[in-house]
Amino acid sequence: MTSKLTRRSFVKKMICGSLTVPFLMELLAKELTAEEKDSRQSIIWLQGHGSGIHKSGIWNFPGFHSYLAKHFRVISSQSPDIHSLAIELTEEEKPHILILDGYFSNDLDDPVNNLLKDLIVVSRAVILLGNEASYSKTKPDGFLNLESELLHLVETPFFKLPGNPVPIRHLIGSLNYMILYDLPELDELRRPVMFYSQTICERCQYRGDFEKGNFVRYFGQKEGCLYWLGCKGPVTRNSCALEKWNGTTSWCVSAGSPCSGCSEPGYPDHKGLGLYGQLVSDDAPINSMFVRNASTIAQGAFAVTLAGVAIHAISRKASAPLKDESVFGFEEDGDE
Ligand code: SF4
Ligand code: SF4
């Protein structure tokens with residue numbers, strides 16, 4: 001099977017979802033163990049400070065704990081022997097793939113801080129796993145922005161796998177790609193295009209509703225597009241609609257929750273819109289026709305609905321007092 005997978009077909013199959021996580025895990029294990037133990041590609045997963053929530057989708061995958069123990073070196077930066085471990089890693093002959101996950105102290109007396117740059121320099125490539133490592137947006141004082149303070153200062157290639165959490169397929173697929181071929185092709189935010197090239201909307205089950213203007217107006221109202229409830233699907237690039245969560249059972253939008261844009265650098269505040277603020281084309285970090293179209297549709301449909309509501313309200317006012325509640329289930333703050 002492996003020999004038939006050209007680089008092109010690998011990417012195509014990743015994009016269309018036909019390479020499953022169990023298959024990718026098996027393929028990676030096979031490639032990793034193909035060489036003698038001493039010359040195998042080593043994968044080091046260095047864990048800094050972080051909530052850990054972004055990787056729950058990885059840790060909870062059946063069998064992944066034992067898989068990790070067998071094929072990765074997972075090291076906590078809090079480990080008591082981290083200093084000697086880090087020195088040992090910088091002295092390895094074959095360059096390792098280094099996964100950095102969470103925040104790392106900028107204290108020069110911190111043993112990991114001391115060795116992080118050396119570790120990065122001797123790595124084949126660095127993967128920034130999760131939003132903390134990828135974007136550092138919520139970075140507390142006293143911690144490093146890995147990209148600007150370390151990775152931009154060295155030549156080691158790096159890429160990002162953001163998300164809250166990160167899909168396991170992104171990690172195992174990227175590692176497979178690196179072992180079978182080379183570095184994956186990246187987008188302008190240094191994310192592999194095989195996972196982050198399409199917007200959530202493009203593959204959403206409610207895309208037809210989006211285009212027809214069948215918008216859900218308040219939570220639990222009906223099935224339909226969640227754009228008015230603040231869905232960031234038009235400006236979020238990720239493959240959740242294809243891969244889904246909980247063992248491919250469901251995903252955010254399918255469960256009735258708007259996409260919160262968790263794999264984008266603007267997450268979670270999205271320039272003041274927050275998780276439930278409705279996008280307009282000018283707010284969108286990606287100024288696509290799709291978003292412009294979305295805004296136009298939403299504004300048009302909203303105006304039509306407002307007109308309908310106004311007529312309805314006038315006719316009701318003539319017969320009975322209106323209840324003190326929003327017709328839409330949210331505050332109409334004059335955006336439209
Ligand atoms: S706006 Fe959200 S719910 Fe609507 S089609 Fe896009 S991703 Fe799906
Ligand atoms: S659908 Fe949106 S919020 Fe949900 S996991 Fe995917 S990118 Fe994140």
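First listed ligand is number 1; within each ligand, the first listed atom is number 1.
Under a 4.0 Å heavy-atom criterion, S260 is in contact with ligand 2. By the 4.0 Å heavy-atom criterion, Y267 is excluded from the residues contacting ligand 2.
For ligand 1, the atoms sitting less than 4.0 Å from at least one non-hydrogen atom of I200 are 7 (S), numbered in the order shown with element in parentheses. Each of the following atoms of ligand 1 lies closer than 4.0 Å to a heavy atom of C201: 1 (S), 5 (S), 6 (Fe), 7 (S). Annotation for ligand 1: atoms under 4.0 Å from non-hydrogen atoms of G233 are 7 (S). Every atom of ligand 1 with a heavy atom of Y206 under 4.0 Å away is listed here by number and element: 5 (S). Close approach of ligand 2 to T236 (heavy-atom distance below 4.0 Å) involves ligand atoms 7 (S). Every atom of ligand 2 with a heavy atom of C240 under 4.0 Å away is listed here by number and element: 1 (S), 5 (S), 6 (Fe), 7 (S). With ligand atoms numbered from 1 in the order given, ligand 2 contributes 1 (S) to contacts under 4.0 Å with heavy atoms of W251. Ligand 2 places these atoms under 4.0 Å from at least one heavy atom of C252: 1 (S), 3 (S), 4 (Fe), 5 (S). Each of the following atoms of ligand 1 lies closer than 4.0 Å to a heavy atom of V253: 3 (S). For ligand 1, the atoms sitting less than 4.0 Å from at least one non-hydrogen atom of L226 are 3 (S), 4 (Fe), numbered in the order shown with element in parentheses. Against a heavy-atom cut-off of under 4.0 Å, N238 is close to the following atoms of ligand 2: 7 (S).
The pair D182-R7 does not meet the salt-bridge criterion, since no charged nitrogen lies less than 4.0 angstrom from a carboxylate oxygen. Classification of E88 and R73 as a salt-bridged pair holds, one side-chain N sitting under 4.0 Å from a carboxylate O. In this structure, E264 pairs ionically with R191, as a charged nitrogen and a carboxylate oxygen lie closer than 4.0 Å. One finds no salt bridge joining R40 and E36 here, because no Lys/Arg side-chain nitrogen approaches an Asp/Glu carboxylate oxygen to under 4.0 Å.
Heavy-atom contacts from other residues, nucleotides or ligands closer than 6.0 Å to NZ of K139 number more than 12. More than 12 heavy-atom neighbours from other residues, nucleotides or ligands sit within 6.0 angstrom of CD on Q78.
The single protein non-hydrogen atom nearest to atom 2 (Fe) of ligand 2 is C259 SG, 2.3 Å, given as residue, atom name and distance.
The aromatic rings of Y67 and F64 lie parallel to each other, their planes meeting at an angle below 30°, with 60° marking the opposite boundary. Ring-plane geometry between Y196 and H170 is classed as perpendicular, the angle between the planes exceeding 60 degrees on a 0 to 90 degree scale with a lower cut at 30.
Relative to the ring axis of F158, R190 places its NZ or CZ within 45° and under 6.0 Å from the centre.
Among the backbone and side-chain atoms of C225, an N, O or S atom lies under 2.8 Å from atom 4 (Fe) of ligand 1. Among the atoms of C262, no N, O or S atom is found under 2.8 Å from atom 2 (Fe) of ligand 2.
Considering N164, T138, T236 as possible partners of Y267, the one that fulfils the side chain to side chain donor-acceptor pair (under 3.5 Å) test is N164.
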